[in-house]
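These values consider heavy atoms only, across backbone and side chains, with no hydrogens, waters or symmetry-generated copies.
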Amino acid sequence: MSRTTSRHGSRRVAVLTDSTAYLPQTALVRHHIDVVPLTVVLGGQALEEGTEISARSLEEALRERRAVTTSRPSPAVFAEAYRAAAEAGAEGIVSLHLSGEISGTYDAAVVAAREAPVPVRVVDSGLVAMALGFCALEAAETAARGGSLDEAVAAAEKRAEGMSAYFYVDTLDYLRRGGRIGAAAKLLGSALAVKPLLELVDGRIAMLEKVRTASKAIGRLEELVVERAGDSHVDIAVHHLAAQQRADDLAERLRGRVPGLGELHVSEVGAVIGAHTGPGLLGAVVSLR
């Protein structure tokens, strides 16, 4: 059975998310957030994201065009996580997950929540990566201040309303293979030899713009982030897969261009999201405070 990383301590309201939030380890520990891992199936072997398969191993497999698929956690894994939180003293649990349009993770959590020993509020964030992660942090901070289960859920949902996520990928082929974007968009991209910019809309990955070159696409990604942030107080996350220098350079430019910048996280996505985007991914999440 998969292992849930437990950090909830003795808080009255526990916060749980899944491994696609890509929260920094330090943030998970500091905010007592539990993580249920999704699974990557490689060569017939099921591997837990975050513990049993690295981004490097995934990148190698993708470049070799080996078959890579992903799988949600089972309801039994969620049931185990909910029991552990209750045994540690939680009187309620916020279970916050990636978009149900992308994965069946939310559905599995709902099934397990029905039999949980304490009330569980399962939330389909409609988001992924640090867009989900920022919502989990908001719920955890509310719980730490003594907020109720309903208050923690409301805080996460409010944070989700001010979230934008943009992604550049070198090719749409991985998303097409995984069924995460329509075949028509893939054909358009191939025919025009463009570099796609994507965004998360209503829980789904959608084509935003088609740009001629990688450098212009990355420049446009930067402009989108700056425009979305404006003069507001925002937190930003920059994600990548096998593109550390691209991510570091983008983060450095954003530091100088976003006047209301609070937290800025730079991190590589894990194997589950990476399996659907491919190497070269560069993404940015803008979270209004």
Side-chain angles (χ1 to χ4, degrees), residues 1-9 11-23 28 31-42 44-53 67-129 131-133 135-137 139-140 143 149-150 152-154 156-157 160 178-180 202-205 269-276:
M1 179 176 289
S2 298
R3 298 179 299 279
T4 303
T5 305
S6 180
R7 301 181 179 87
H8 42 68
R11 295 194 178 189
R12 190 165 62 90
V13 175
V15 176
L16 181 145
T17 189
D18 59 69
S19 58
T20 68
Y22 302 131
L23 281 159
L28 293 173
H31 293 280
H32 303 277
I33 297 172
D34 293 350
V35 176
V36 169
L38 273 72
T39 300
V40 175
V41 181
L42 178 60
Q45 184 178 9
L47 305 168
E48 287 183 2
E49 180 174 47
T51 58
E52 295 179 341
I53 182 169
V68 180
T69 59
T70 58
S71 177
R72 70 179 190 181
S74 69
V77 171
F78 278 108
E80 180 184 350
Y82 298 155
R83 281 195 301 271
E87 289 170 1
E91 298 172 10
I93 301 168
V94 182
S95 194
L96 186 67
H97 301 293
L98 81 161
S99 172
E101 297 287 345
I102 297 174
S103 167
T105 299
Y106 167 81
D107 294 331
V110 168
V111 171
R114 294 175 185 145
E115 305 299 327
V118 296
V120 178
R121 292 284 300 279
V122 184
V123 179
D124 179 353
S125 71
L127 303 167
V128 72
L132 168 60
C135 294
L137 289 174
L149 180 59
D150 286 346
V153 170
E157 291 178 336
R180 271 27 180 220
D202 297 328
R204 298 182 180 184
I205 297 168
V269 300
V272 168
I273 298 303
H276 297 293

What's the shortest heavy-atom distance between [X] and [Y], and which atoms?
X: Pro37; Y: Val35; answer: CD-O, 3.8 Å
X: Val118; Y: Ala90; answer: CG1-O, 3.5 Å
X: Ile33; Y: Ala136; answer: CD1-O, 3.9 Å
X: Ala152; Y: Val13; answer: CB-CG1, 4.3 Å
X: Ala112; Y: Ala79; answer: CB-N, 3.6 Å
X: Ala108; Y: Ser74; answer: CB-C, 4.3 Å

Using atom types as modelled and distance alone, determine if a side-chain donor or acceptor of [X] lies under 3.5 Å from a backbone N or O of [Y].
X: Asp124; Y: Tyr106; value: no
X: Glu49; Y: Val272; value: yes
X: Ser125; Y: Leu96; value: no

Any side-chain heavy-atom pair of [X] and [Y] under 4.5 Å:
X: Ile273; Y: Tyr22; value: yes
X: Phe78; Y: Leu16; value: yes
X: Leu127; Y: Cys135; value: yes
X: His31; Y: Val15; value: no
X: Arg121; Y: Asp150; value: yes
X: Pro73; Y: Leu38; value: yes

Quiz item: Can you pull the side chain to side chain donor-acceptor pair (under 3.5 Å) pairs that have at least one residue in residues 90-99, sequence neighbours excluded?
Solution: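 For residues 90-99, and leaving out neighbouring residues, the side chain to side chain donor-acceptor pair (under 3.5 Å) pairs sorted by first residue read Asp18-His97, Tyr82-Ser95, Ser95-His97.
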Distance check, rounded to the nearest 0.5 Å: [X] atom [atom1] versus [Y] atom [atom2]?
X: Thr70; Y: Leu47; atom1: OG1; atom2: CG; answer: 12.5 Å
X: Leu23; Y: Leu28; atom1: CG; atom2: CG; answer: 5.0 Å
X: Ile102; Y: Ile205; atom1: CD1; atom2: CD1; answer: 4.5 Å
X: Gln45; Y: Ile53; atom1: CD; atom2: CD1; answer: 9.0 Å

